Amino acid sequence: ADLAGPIAFCLILGAEMVLTGKLQFGYIYGFGVFGCLSMTLIVNLMSPLAEGISVWTVSSVLGYALIPVNVLAAVKLLFMNDYLFNLQALGRFLGLLTVAWSTVASTRLLELGCGLREQRYLIAYPVALLYSA
């Protein structure tokens, strides 16, 4: 499993939060580690594969699905700050779209990579909760 990209996306998300004035690297990494471990448990409990799925595979899938979250953070940083204009309705819509995009991407990758076709909706729910938090 490739973890260079997911770690880079976590660092980019942390840098975007620093640029908005929020110093919360511990929140990103702590929540990310807990989310990856809990999703690994859920995926392994539902997996039809006898050998199971590694935590590195699940971490890679969840990390690469952070790309829409990084895009949303960059859009907020560049365009939706309080100095230019404050569009809360547009921000909420973009947030819902981002959560849906990340959820569909990670669920599809887990479904195809781990043979979880019948369990895709059961996996999508906790993934959506993870990305919406």
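In this text the structure is predicted, and so the values were computed from the model without any measurement. Values reported hereafter were calculated over all heavy atoms of this structure, with side chains retained and with hydrogens, waters and symmetry mates removed.
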**Study point:** Contact check, side chains of Pro6 and Leu66, non-hydrogen atoms, under 4.5 Å
**Key:** no
Review point. Are any of the side-chain heavy atoms of Ile53 and Thr40 separated by less than 4.5 Å?
Key: no
Check your understanding: Do Val104 and Ile42 belong to the same hydrophobic cluster, where Ile, Leu, Val, Met, Phe, Trp and Tyr are linked whenever their side-chain heavy atoms lie under 4.5 Å apart, directly or via other members?
Key -> no
Review point. When hydrophobic residues are tied together by side-chain contacts of less than 4.5 Å, even through go-betweens, does Leu78 share a cluster with Leu94?
Key: yes
Revision key, fill the gap. Between Val58 and Cys36 the two heavy atoms that sit nearest each other are CG1-O, 4.0 Å
Study note, to complete from the structure: Value for CD (Glu16) from CG (Leu72), rounded to nearest 0.5 Å, stands at 9.0 Å
Practice item. Find the distance between CG (Leu77) and CE (Met17) and round it off to the nearest 0.5 Å. Key: 11.5 Å
Review point. Rounded to the nearest 0.5 Å, how far does CD1 of Ile7 lie from CD1 of Ile12?
Key: 12.0 Å
Exercise for review: Would you name the heavy atoms of Ser59 and Leu3 that are closest together and state the gap between them?
Suggested key: CB-CD2, 3.9 Å
Review point. Which ILVMFWY residues can you reach from Leu45 by hopping between side chains whose heavy atoms are under 4.5 Å apart?
Key: Leu41
Review point. Just by distance, with hydrogens left out, do Thr57 and Ser60 show a side-chain donor and acceptor under 3.5 Å apart?
Key: no
Check your understanding: Hey, is CZ on Phe34 packed in by over 12 heavy atoms from elsewhere, all under 6.0 Å?
Key -> no
Check your understanding: Among all residues two or more places apart in sequence or in another chain, which pass the salt bridge (Lys or Arg N to Asp or Glu O under 4.0 Å) test with Glu111?
Key -> Arg108, Arg117, Arg120
Review point. Leu112, Val61: one ILVMFWY side-chain cluster at the under-4.5 Å cut-off?
Key: no
Check your understanding: Applying the 4.5 Å side-chain criterion to the ILVMFWY set and letting contacts propagate, would Tyr125 and Met39 be lumped into a single cluster?
Key -> no
Check your understanding: Partners of Leu116 by side-chain contact (heavy atoms from CB on, under 4.5 Å), sequence neighbours excluded?
Key -> Val43, Ser47, Pro48, Cys114, Gln119, Ile123
**Study point:** Partners meeting side chain to side chain donor-acceptor pair (under 3.5 Å) with Tyr64 (sequence neighbours left out)
**Key:** Asp2
Practice item. Grab the two heavy atoms, one from Ser106 and one from Val127, that are nearest each other, plus how far apart they are. Key: OG-CG1, 2.9 Å
**Study point:** Any Val71 side-chain heavy atom under 4.5 Å of Thr98 side chain
**Key:** no
Check your understanding: Would Tyr29 and Leu11 count as a side-chain contact (heavy atoms from CB on, under 4.5 Å) if you check the C-alpha gap in whole Å, the side-chain angles of each, and the deciding distance to 0.1 Å?
Key -> CA-CA 9 Å; Tyr29 294 126; Leu11 288 173; 2.8 Å; yes
Exercise for review: Kindly work out whether a path of hydrophobic side-chain contacts (I/L/V/M/F/W/Y, heavy atoms less than 4.5 Å apart) joins Trp56 to Val33.
Suggested key: yes
Check your understanding: Would a distance-only check, ignoring hydrogens and angles, find a side-chain to backbone donor-acceptor pair under 3.5 Å from Ser102 to Val99?
Key -> no
Exercise for review: Determine yes or no for a side-chain-to-main-chain donor-acceptor pair under 3.5 angstrom, with Tyr131 supplying the side chain and Leu62 the backbone.
Suggested key: yes
Exercise for review: Only pairs at least two apart or in different chains count here, so list each ring-ring contact (aromatic ring centres under 6.0 Å, His included) that has a residue in residues 88-115.
Suggested key: none
Practice item. Just jot down the ring pair (Phe, Tyr, Trp, His ring centres under 6.0 Å) partners of Phe31, sequence neighbours excluded, or say none. Key: Tyr27
